[in-house]
Amino acid sequence: MIENELATDLIALTRQNILDDYRLVCESRQASLLGRKDVMGGRAKFGIFGDGKELAQVAMAKAFRKGDFRSGYYRDQTVVAALGGLTWQQFFSQLYGHADVEFEPHTAGRSMNNHYTTRYLDENGLWKPQTTTYNHINDLAPTAGQIPRSVGLAYASKLYRGNESLHKMTDFSHNGDEITFATIGDASTSQGMFWETMNAAGVLQVPLLMSVWDDGFGISVPVEYQTTKASISKALGGLQREEGTNGIEIFTVKAWDYVGLIETYQKAAELCRTHHIPVLVHVEEVTQPQGHSTSGSHTRYKSPKRLQWEQEGDCNLKFKEWILTNGYASADELEEIDDNARKLIRQERNNAWKVYSEAILHEQNEVVTLLQTAAHESRFTSELLKMSDELKREIVPLHRHNTSAIRKALRFLRFEPSASRNSLVEWLAKNAEVNHDRFSSHLYSESPESPLKVTPVAAQYLEDSPLLDGYQIIRANFDALFEQDPRIVAMGEDVGKIGDVNQGFAGLQEKYGELRITDTGIRETSIIGQGIGLAIRGLKPIVEIQYFDYIFYTLATLTDDLASLHYRTKGGQKAPLIIRTRGHRLEGIWHSGSPMGSVIHSLRGLHVCVPRDLTQAAGMYNTLLRGDDPALVVEPLNGYRLKEYLPSNLGQFCVPLGEPEVLREGTDLTIVTYGSMCRIVQEAAEQLSQLDISVELIDIQTLLPFDIHHSIVDSIKKTNRVIFADEDMPGGASAYMMQQVLDGQNAYQWLDSAPRCVSAKPHRPAYSSDGDYYSKPNVEDIVEAAYSLLHEANPQQFPALY
């Protein structure tokens, strides 16, 4: 071995490379140490760091190429810094929660520390090239939450390599050569998300390189309680690929073995990149110098012997010993690097705190001046001056202190009209807009491609348009969409060969090929993950969850990752995935539920479309595929065999989101509903007309967004009575619709009768042939609910039924 160069099997390292790596691991360690001090000192409220994993991440970074992706969690600061995606000032800005993209470009203070982002959207929310950057998909804190999407990010490489029509999309891929690097702590591999994903990767044969940082514990619980054989690499041995089979390749390496780590990651990356073979790299003997997080000390659960071993086996210390032993630097040279790292990190931390606190103090000075001015014009002088003094004495100033002070001051001044009071009101209004941008913007797309900006186009019909089953309508529309756009792909259980259980894709796999219309295993969570990854990488996936009730298998991934991605990156990332499912009626407990309340309150950030028939569903797909937001479409399970006319402008007609449709005009009563209930209410309205009751029937079309132009209140102004009808359980979507209309649209003031909700029984629907009738609202329920409102108003004209 020569002094200035180390030649491994796959990479050559110079003395300068080695010392640069040492400098980086020292800086990263100092950032972790100082970050913890800042939390314990009150500057930040929580901290979780990547100390103990520095050397492995340096090695991983050497295998990373531009165009590759990382899907990780809250320990990856070193690899992101190594790839130029993180400055140490940004590290501390995120720790403090600086709500400014200029200083905290990863999440604008919306995620806790160590959650990193490549902003692959420009300032208008449109795609930037992904092949010229190292791509970090915003990290997740929920254990194993980052794993499902990793299989989709890797699967995209397979599609880009195998589908020639995508080869021109060079901003997103170069022949599918991109690797997805996923990272996870050893304890989190106990989660089902991890096992499901590893199995899917082995089946699909995609370039997923999974790194497991094994520090022997899951907070306080040792690995013996976490993993069979106390080793994830041994536990996954059954997935090891063999001659003539698919599967994964498995490597083990020590966290302190600099050369071994580099060689392992180079070999693993070559298998992934060239051959699309998924790889597990089990990094053993990882230490955790500061324990799990700032929420407690690891001395509570680690033995003195274990603590001593961790101190002696620390990867940075071992790296230093290796450098000295092999003569790459002297002790004095390394000490100088250590000292410079400490100085640099302290300076970067001070810079971050300065710009963070100065922004708040500038705002604080404005408020103090306003309060003092108001104090001199008010009889509450002492109270207002006291508030001003308290504000100035805040040890760790926050924006909320300023806003709270103004709001409290206005209580004192409520009977004192004055110029200073007006100034406080103006400041509060202006700051409400500022704080909306800081903390509440970008829940949905604000780009020119927002689906809310898609121009509605009505379905058109010819004189001889055929009358077909609903499934034939949706199938014909999907056919038109796949013909128009090679980026559109579909996948799910039974979607391919048989064209889904209700035939919506029947015959389309044979026409467009398995890469575009694909069967999957029974693994809902990783199906969603596949879709998220594809959507992130510029494709237009439609993934199917076979029945609506099965959405619960995927809920964590949908809510923690997909629904919040655009929000938690403040418009830096998006994943316009469409989830297709079916529900409402027919098949009993596990196949025809309507868990709308669960969905609309868990999935803010998705559009939730609830079509009443398959033509309407087709128009919603056409709209969504022209947009760039994720969405859930719940098709009516009992609509596939009902007859509809075939539109002549397939793939072109677009149903607007958030705009209810009046299906029947009336004067006595408004009924607001959606989906399969539309047909029930239509029939009830016909029967009510025979009782001299005129019903106005409104189909909301989408639950999210809900009536963006507030049109429902106009109907209530006319009828003065309203029923919200829904198949969800009591207090679910019916209560949501009521709140949106009565509270959000102030419709209560136009009511002559109490509003009414008609919903399902508080249990899942019974399976028997009578199950729907007795479990969910039926025609008689609607008729009697409507009649009772009119009976209350005019009992002579509408005497009691029973």
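Residue indices begin at 1 and follow the sequence shown. Everything numeric here is computed off the predicted structure, so don't read it as measured data. Computed from heavy atoms alone, side chains included, the values below leave out hydrogens, waters and symmetry copies.
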Hey, can you pull the donor-acceptor pairs under 3.5 Å for the side chains in residues 216-224, sequence neighbours left out?
none

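- N135 CG to T117 OG1: the interatomic distance, rounded to the nearest 0.5 Å, is 11.5 Å.
- Rounding to the nearest 0.5 Å gives a distance of 12.0 Å between CZ of R75 and CH2 of W213.
- Here D519 contributes atom CG and D500 contributes atom CG; the two are 10.0 Å apart, rounded to the nearest 0.5 Å.
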Steps toward side-chain hydrogen bond (donor to acceptor under 3.5 Å, both in side chains) verdict (Y258, D21): CA-CA 10 Å; Y258 178 63; D21 289 345; 2.6 Å; yes
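- Within the 3.5 Å criterion, the main-chain N or O of Y553 finds a donor-acceptor partner in the side chain of T525.
- Considering NZ of K168 and OH of Y160, their distance stands at 11.5 Å, rounded to 0.5 Å.
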Verdict with reasoning, T107 to R568, per side-chain hydrogen bond (donor to acceptor under 3.5 Å, both in side chains): CA-CA 6 Å; T107 72; R568 70 180 191 267; over 6 Å; no
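- Heavy atoms only, all atoms of each residue included: C272 and I277 are closest at SG-O, 3.3 Å.
- Side-chain atoms of N316 and Y22 include no donor-acceptor pair closer than 3.5 Å.
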Evaluation steps, side-chain hydrogen bond (donor to acceptor under 3.5 Å, both in side chains), between S71 and Q146: CA-CA 6 Å; S71 181; Q146 74 277 18; over 6 Å; no
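- A side-chain N or O of H282 and one of S233 form a donor-acceptor pair less than 3.5 Å apart.
- The two residues L121 and H566 make their nearest non-hydrogen contact at CD1-CD2, 4.3 Å.
- If you take OH on Y547 and CG on N502, they are separated by 6.0 Å, rounding to the nearest 0.5 Å.
- Between the side chains of Q240 and E249, at least one donor N or O lies within less than 3.5 Å of an accepting N or O.
- For the 3.5 Å distance criterion, the side chains of S211 and Y265 qualify, holding a donor opposite an acceptor.
- Between R523 and E196, no side-chain nitrogen of the basic residue sits less than 4.0 Å from a carboxylate oxygen of the acidic one, so the salt-bridge criterion is not met.
- Look at R273 and D177 and you find no salt bridge, because none of the NZ, NE, NH1 or NH2 atoms lies under 4.0 Å from a carboxylate O.
- Side-chain contact between I527 and E493 is present, with heavy atoms from C-beta onward closer than 4.5 Å.
- Counting heavy-atom neighbours within 6.0 Å of E510 CD, excluding the residue itself, gives a total of 12 or less.
- Side chains of T143 and Q191: a donor-acceptor N/O pair is present below 3.5 angstrom, by distance only.
- In this model, a donor atom of one side chain and an acceptor atom of the other lie less than 3.5 Å apart for Q77 and S32.
- The one candidate from F69, W127, Y120 that meets the ring pair (Phe, Tyr, Trp, His ring centres under 6.0 Å) condition with F172 is W127.
- Between D139 and R70, at least one side-chain nitrogen of the basic residue sits less than 4.0 Å from a carboxylate oxygen of the acidic one, meeting the salt-bridge criterion.
- Counting only N and O atoms by type, the side chains of Y550 and H591 include a donor and acceptor under 3.5 Å apart.
- No side-chain N or O of T180 forms a donor-acceptor pair with one of R149 less than 3.5 Å apart.
- Side chain to side chain, E178 and S173 meet the donor-acceptor criterion of an N or O pair below 3.5 Å.
- Looking at every heavy atom in both residues, C315 comes nearest to T287 through N-OG1, 4.5 Å.
- With rounding to the nearest 0.5 angstrom, the OH atom of Y328 is 10.5 Å from the CG atom of N17.
- Using a 3.5 Å distance cut-off with no hydrogens or angles, the side chains of E514 and T518 do not pair a donor with an acceptor.
- Remark: of the listed residues V281, D76, V79, D76 is the sole one forming a side chain to side chain contact (heavy atoms under 4.5 Å, CB included) with T183.
- Checked for salt-bridge contact, D171 and K128 miss the test: no charged N lies under 4.0 Å from a carboxylate O.
- There is a side-chain donor-acceptor pair under 3.5 Å between D215 and Q288.
- Not less than 6.0 angstrom separates the ring centroid of Y116 from the ring centroid of H136.
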